[in-house]
Structure formats: C-alpha cells, structure tokens
Amino acid sequence: MRLEKCWFCSSTVYPGHGIQFVRNDAKIFRFCRSKCHKNFKMKRNPRKVKWTKAYRRLHGKDMTQDTTFEFERKRNRPERYDRNLAENTLKAIKKIDKVRSDRAASHIEKRLKVRKGKERREAQKELEQSIHLVKAPQVLRQDQSLTLPKIKVEDSGGGASAFLPMRSFAVKVIHGGIRLCPVFISLL
C-alpha cells in the first residue's frame, strides 16, 4: 500500500482518497481533499497559507530538521520479501514514531516557554503602570503596603545602586473581572 503526500498541505493521501491532477507536461499533483485542490487552482502559495505544513515549517512552528525525517523518504528500489526484515522494520517504525513524538513535544514546550516569559513580563509591566486601576488612589495613599515595595540593591564593585520591586503582581482579566496573582522576582 503506497501512501502519497498531498502536494499542497503535505498530509497523507491514502489509496482511493483524494484528487489527482495531471498537468500538460505530465507532472502529477495529488491532493488530499477538495480544499487543497481549490487552493492550488487559485494559485495560492502553500508557504503563505497558515494551515499548511510548509507555512508551519517556514515560520518555526514545526520541526524542520531531525534525523527521524530521514526514514520517511521515498525509496523506489524493490526489495525481496523477508519475514524477519519486515518484522524488524515494523518494530523500528514504532520506535521512530515514539522518538519523533517526544522530540516534537519538546520542540513545542521550548516554543511555549519563551511565550510564557514574555506574557509574564508584559503583565508585570502593565500592573506597575496601572496599579491605580486595580485599587483606588485614596486607598493607595492610606495603605502604603499596597504599592510595590522597593529594595535597594548596591553593586559590590562600585557605588551603583538601583531600586527593584521585591514582589509584583500579575493581572489576569477573567470575564471582565480583574484578579491579582503574585509573581516573585529572583534577584541575581
């Protein structure tokens, strides 16, 4: 059973499924569904359409270089059937799929880690700029503990010093309401 790849979105086309288009110069294009075929006829570039594999790889959302992709290449050399070889190949396919899924999960985790840090910094900055929206100004003047406490940090080499907040709060807007979550900053 030969599994083909969709020319537009790079998904798998199983036998008996999809559409095949043959151009005048005898080049064959296979599509997994009519959505891909219509986009091809509209002369859309798969690298610019966000839901395709080409777009995801180009913009760093999917893994592009990995040794497990080497096993997926098409081989047109016929092999004589050998039961042991077929059995070992099936075992290897399972191992390769597991390795690939683990590497993809770590790739996604690495991408999300950058985003979480960025969101935390933005939330902290927003709270520092607009603490008066969370609490009334009169309350802030009366109770100084509601403002961000500052500590003095001095440089050991010279006389440079800076004031840093000991603790800050992240603002989360949930269905129109505002919730404060403490975020601790480690001083290095």
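Just so you know, these numbers use all the heavy atoms, side chains as well, and skip hydrogens, waters and symmetry mates.
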> Which hydrophobic side chains are connected to Ile108, either touching it within the sub-4.5 Å cutoff or through other members that do?
Replying inline: Leu112
>> Glu122: which residues meet the side-chain hydrogen bond (donor to acceptor under 3.5 Å, both in side chains) condition with it, sequence neighbours left out?
In response: none
>> Tell me every residue that passes side-chain hydrogen bond (donor to acceptor under 3.5 Å, both in side chains) with Arg83, counting only those two or more places apart in sequence or in another chain.
In response: none
>> Suppose we screen for side chain to side chain contact (heavy atoms under 4.5 Å, CB included). Which residues come up paired with Asn84, at least two apart in sequence or across chains?
In response: Asp82
> Taking only residues two or more places apart in sequence, or in another chain, which ones meet Lys98 in a side-chain hydrogen bond (donor to acceptor under 3.5 Å, both in side chains)?
Replying inline: Asp102
> Which value, rounded to the nearest 0.5 Å, describes the distance between Trp51 atom CH2 and Arg56 atom CZ?
Replying inline: 13.0 Å
> What is the distance from atom NZ of Lys116 to atom NZ of Lys113, rounded to the nearest 0.5 Å?
Replying inline: 9.0 Å
>> Taking side chain to side chain contact (heavy atoms under 4.5 Å, CB included) as the definition, give me every residue that meets it alongside Ala54, ordered by chain and number, with sequence neighbours left out.
In response: Pro46, Arg47, Thr52
>> Just verifying a value: how many Å separate Glu119 CD and Arg121 CZ, rounded to the nearest 0.5 Å?
In response: 10.5 Å
Name each donor-acceptor pair under 3.5 Å that joins a side chain in residues 8-22 to protein atoms two or more places apart or in another chain, with its distance.
none

>> Rounded to the nearest 0.5 Å, what separates atom OG1 in Thr89 from atom CD1 in Ile93?
In response: 6.5 Å
> Excluding sequence neighbours, so at least two apart, what forms side chain to side chain contact (heavy atoms under 4.5 Å, CB included) with Lys48?
Replying inline: Asn45
> Got a second to check how far Gln124's CD is from Gln129's CD, nearest 0.5 Å?
Replying inline: 11.0 Å
> Hey, does Leu127 have a side-chain heavy atom less than 4.5 Å from the side chain of Lys125?
Replying inline: no
>> For the NZ atom of Lys53 and the SG atom of Cys6, what is their distance to the nearest 0.5 Å?
In response: 12.0 Å
> Any idea how Phe40 and Trp7 line up, ring-wise: parallel (<30°), tilted (30 to 60°), or perpendicular (>60°)?
Replying inline: perpendicular
>> Going by the rule side chain to side chain contact (heavy atoms under 4.5 Å, CB included), which residues pair with Asn88 if we only count those two or more places apart in sequence or in a different chain?
In response: none
> Does any pair with a residue in residues 36-46 pass salt bridge (Lys or Arg N to Asp or Glu O under 4.0 Å), and if so which ones, sequence neighbours excluded?
Replying inline: none
>> I'd like to know whether NZ of Lys95 has more than 12 heavy-atom contacts from other residues, nucleotides or ligands below 6.0 angstrom.
In response: no
> Hydrophobic clusters join Ile, Leu, Val, Met, Phe, Trp and Tyr when side-chain heavy atoms are under 4.5 Å apart, directly or via other members; which others share one with Val114?
Replying inline: none
>> Going by salt bridge (Lys or Arg N to Asp or Glu O under 4.0 Å), name the pairs with one or both residues in residues 7-25, residues two or more places apart or in two chains.
In response: Arg23-Asp25
